Amino acid sequence: MQKMIDGLRLAYDVAGRGDALVLLHGFTLDRTIWEPQFAALAARRRVIRLDLRGSGESACGEGPALMETLAGDVFGLLD
């Protein structure tokens with residue numbers, strides 16, 4: 001799936017039901033790093049994994065991807 005957050009296209013997956021658990025990847029990785037855990041966790045709760053800006057299938061933004069910017073992207077996705 002994809003969602004526009006502040007004019008930037010972010011790619012993400014959602015599975016399961018209940019309280020949300022957000023899985024974030026590290027630098028140089030993407031959301032597929034969570035493949036082994038994704039289905040197992042989705043059996044217990046709602047799981048969201050996303051490609052942070054500039055990673056995987058998400059678009060790059062202007063300027064550096066500061067921690068505050070990445071947090072804003074996650075907040076926008078959950079909103």
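Quick caveat: nothing in here was measured; it's all calculated off a predicted structure. All values below come from the heavy atoms of this structure, side chains included, with hydrogens, waters and symmetry mates left out.
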Considering residues at least two apart in sequence or located in another chain, which fulfil the salt bridge (Lys or Arg N to Asp or Glu O under 4.0 Å) criterion with [X]?
X     : answer
Arg53 : Asp73
Glu62 : none
Asp51 : Arg31

Table please: side-chain donor-acceptor pairs of residues 1-11 below 3.5 Å, with sequence neighbours left out.
{"unit_1": "Lys3", "atom_1": "NZ", "unit_2": "Gly76", "atom_2": "O", "d": "3.1"}
{"unit_1": "Lys3", "atom_1": "NZ", "unit_2": "Asp79", "atom_2": "O", "d": "3.3"}
{"unit_1": "Arg9", "atom_1": "NH1", "unit_2": "Glu57", "atom_2": "O", "d": "2.3"}

Non-hydrogen atoms of Ala20 and Arg45 that approach each other most closely: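 Taking Ala20 first and Arg45 second, the nearest heavy atoms are O-NH1, 4.5 Å.
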Considering all heavy atoms, the nearest Cys60-Gly54 contact: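 For Cys60 and Gly54, the tightest heavy-atom pair comes out as SG-CA, 3.6 Å.
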If hydrophobic clusters are built by linking Ile, Leu, Val, Met, Phe, Trp and Tyr wherever their side-chain heavy atoms come under 4.5 Å apart, do [X] and [Y] end up in the same one?
X     : Y     : result
Leu70 : Phe27 : no
Leu24 : Trp34 : no
Leu21 : Val14 : no
Val22 : Val47 : no

Side chain to side chain contact (heavy atoms under 4.5 Å, CB included) partners of Arg17, counting only residues at least two apart: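 Side chain to side chain contact (heavy atoms under 4.5 Å, CB included) check on Arg17 returns nothing, list empty.
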Side chain to side chain contact (heavy atoms under 4.5 Å, CB included), paired with Arg49, selected from His25, Gln37, Glu35: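 With Arg49 as partner, side chain to side chain contact (heavy atoms under 4.5 Å, CB included) holds for just one option, Glu35.
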If you measure from [atom1] on [X] to [atom2] on [Y], what distance do you get to the nearest 0.5 Å?
X     : Y     : atom1 : atom2 : answer
Ile33 : Phe38 : CD1   : CZ    : 14.5 Å
Leu23 : Leu41 : CG    : CG    : 6.0 Å
Leu52 : Leu29 : CG    : CG    : 10.0 Å

Residues that Thr32 engages under side chain to side chain donor-acceptor pair (under 3.5 Å), provided they are two or more places apart: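 Thr32 satisfies side chain to side chain donor-acceptor pair (under 3.5 Å) with Asp30 only.
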